[in-house]
K.L.:
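This is the structure I have questions about; it appears just below.
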Amino acid sequence: MPKPKLPSILLLFLCAALVSAGPAAAQDISVGEYASLTGSEATFGINSDNGVELAADEINNSGGLLGGRKVKVVVEDDQSKPGQPSAAVKKLINSDKVIAVIGEIASSRSLEAAPICQEAKVPMLSPGSTNPTVTEKGDYIFRVCFIDPFQGTVMAKFALDTLHAKKVAVLSDVTSDYSKGLSQFFTEYYKKNGGQIVIERSYSGSGKDKDFRAQLTAIKAAQPDAIFVPGYYTEAGLIGKQARILGLKVPLLGGDGWDSPKLAEIAGNSLDGCYFSTHFSAADTAPKVQDFVKKYQAKYKTMPDGMAPLGYDAMMILADAIKQAGTTDGGKVRDILAKVKDYDAVTGKITIDANRNATKSAVVLRVDGKDNKFVASVAP
Ligand code: PHE
């Protein structure tokens with residue numbers, strides 16, 4: 001009897017040591033995230049990641065998932081560059097063994113990585129990619145935001161009904177699926193409802209083009225009532241500045257690609273009084289929004305833009321799906337994501353439709369110095 005006592009105690013210690021070191025970490029639920037933390041759209045990645053991390057903290061502080069397992073977010077920076085999203089997602093799936101992937105914001109980057117997630121049967125949830133083709137990549141690809149056929153209509157309607165702009169110029173980014181799609185959907189609705197597109201010009205985004213004076217000179221000659229610029233903030237800021245230098249006084253209009261604290265930094269006051277559509281207004285008095293703004297400010301000492309709550313909502317909806325599935329199995333989590341209905345998110349009530357897109361409201365904001373003023377909320 002006394003003889004086996006010592007070895008069994010040793011064995012017990014060994015087990016305890018193993019449980020507290022290696023296997024405890026293996027119990028974490030690894031969620032991948034690929035985002036533009038650097039490069040021409042860095043605020044998209046940084047701020048959506050802030051939202052994801054805030055949500056993960058909350059989940060972990062309130063006991064984790066599936067009986068106390070912590071969510072571990074593994075983030076890869078895709079540098080706002082083509083080629084990087086696929087490399088990032090392959091690494092997340094193959095080396096980090098993530099059970100799902102959150103990303104990207106920019107539609108072109110989501111389109112690049114989605115087929116890899118689909119092939120591996122790892123659910124992908126985009127916080128902000130609005131081009132309709134993203135979720136067409138397969139039944140494992142979801143988003144928590146509205147899509148551009150809706151967003152384009154919102155801004156075309158706004159141009160016609162609120163600004164009474166009868167003639168619009170369009171200046172879009174040929175390197176961006178988002179920009180090409182949004183200008184198409186805007187144009188379709190605008191023309192059908194009596195508007196005239198007087199000129200269309202383009203540029204190369206992702207920080208490539210910095211001089212837009214040739215396009216803006218041609219646009220000025222066409223005498224539009226407004227200019228639709230469905231690009232990202234880096235270029236939109238420069239376009240605003242150069243438009244005013246060339247004496248173009250009409251309002252510029254944009255989509256969610258303008259939603260960045262950097263916009264006003266780049267544009268100075270040149271875009272004041274201009275309008276863009278997006279997913280969220282920090283001025284919304286809904287308790288869910290104000291609660292988020294408070295938590296976000298406490299953690300990051302700054303106001304959230306539209307990206308931050310989209311990242312937060314994506315992480316929360318994914319966590320909820322894992323909880324409901326009772327497992328991290330990709331197929332089972334996918335099935336729950338496909339059935340999300342009336343989820344009360346910071347960016348509005350989210351219902352995932354048959355095409356794995358979210359149907360929800362958009363907001364229109366007016367640029368006013370560093371602040372964006374709430375103008376309208378538009379239901380689908
Ligand atoms: N909707 C943009 C795209 O598809 C990305 C974006 C989302 C930008 C939300 C800002 C805010 O490329």
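In each ligand, atom 1 is the first atom listed, and ligand 1 is the first ligand listed. If you're wondering where the values come from, they're calculated on a predicted model, not measured in any experiment. For the single chain, residues carry numbers from 1 onward in sequence order.
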K.L.:
Run the numbers on Gln151 and Ser277 for side-chain hydrogen bond (donor to acceptor under 3.5 Å, both in side chains), then give the verdict.
P.N.:
CA-CA 7 Å; Gln151 179 168 218; Ser277 51; 2.9 Å; yes
K.L.:
Are the side chain of Gln290 and the backbone of Ala282 linked by a donor-acceptor contact shorter than 3.5 Å?
P.N.:
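Flag set: sc Gln290 to bb Ala282 pair under 3.5 Å.
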K.L.:
Check step by step if side-chain hydrogen bond (donor to acceptor under 3.5 Å, both in side chains) holds for Glu58 and Tyr312.
P.N.:
CA-CA 10 Å; Glu58 269 180 49; Tyr312 180 89; 2.9 Å; yes
K.L.:
Do Phe185 and Phe150 have their ring centres less than 6.0 Å from each other?
P.N.:
no
K.L.:
With sequence neighbours excluded, what pairs up with Phe374 under the ring-ring contact (aromatic ring centres under 6.0 Å, His included) test?
P.N.:
none
K.L.:
Other residues, nucleotides and ligands only: do more than 12 of their heavy atoms fall within 6.0 Å of NZ on Lys121?
P.N.:
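Open.
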K.L.:
Please tabulate, one line per pair, the protein nitrogen or oxygen atoms found under 3.5 angstrom from a nitrogen or oxygen of ligand 1, with distances to 0.1 Å, or say none if there are no such pairs.
P.N.:
{"from": "ligand 1", "atom 1": "1 (N)", "to": "Gly128", "atom 2": "O", "distance (Å)": "2.9"}
{"from": "ligand 1", "atom 1": "1 (N)", "to": "Thr130", "atom 2": "OG1", "distance (Å)": "2.7"}
{"from": "ligand 1", "atom 1": "1 (N)", "to": "Asp256", "atom 2": "OD1", "distance (Å)": "3.3"}
{"from": "ligand 1", "atom 1": "1 (N)", "to": "Asp256", "atom 2": "OD2", "distance (Å)": "2.7"}
{"from": "ligand 1", "atom 1": "4 (O)", "to": "Ser107", "atom 2": "N", "distance (Å)": "3.4"}
{"from": "ligand 1", "atom 1": "4 (O)", "to": "Ser107", "atom 2": "OG", "distance (Å)": "2.5"}
{"from": "ligand 1", "atom 1": "4 (O)", "to": "Thr130", "atom 2": "N", "distance (Å)": "2.9"}
{"from": "ligand 1", "atom 1": "4 (O)", "to": "Thr130", "atom 2": "OG1", "distance (Å)": "3.2"}
{"from": "ligand 1", "atom 1": "12 (O)", "to": "Ser107", "atom 2": "N", "distance (Å)": "2.9"}
{"from": "ligand 1", "atom 1": "12 (O)", "to": "Tyr232", "atom 2": "OH", "distance (Å)": "2.5"}

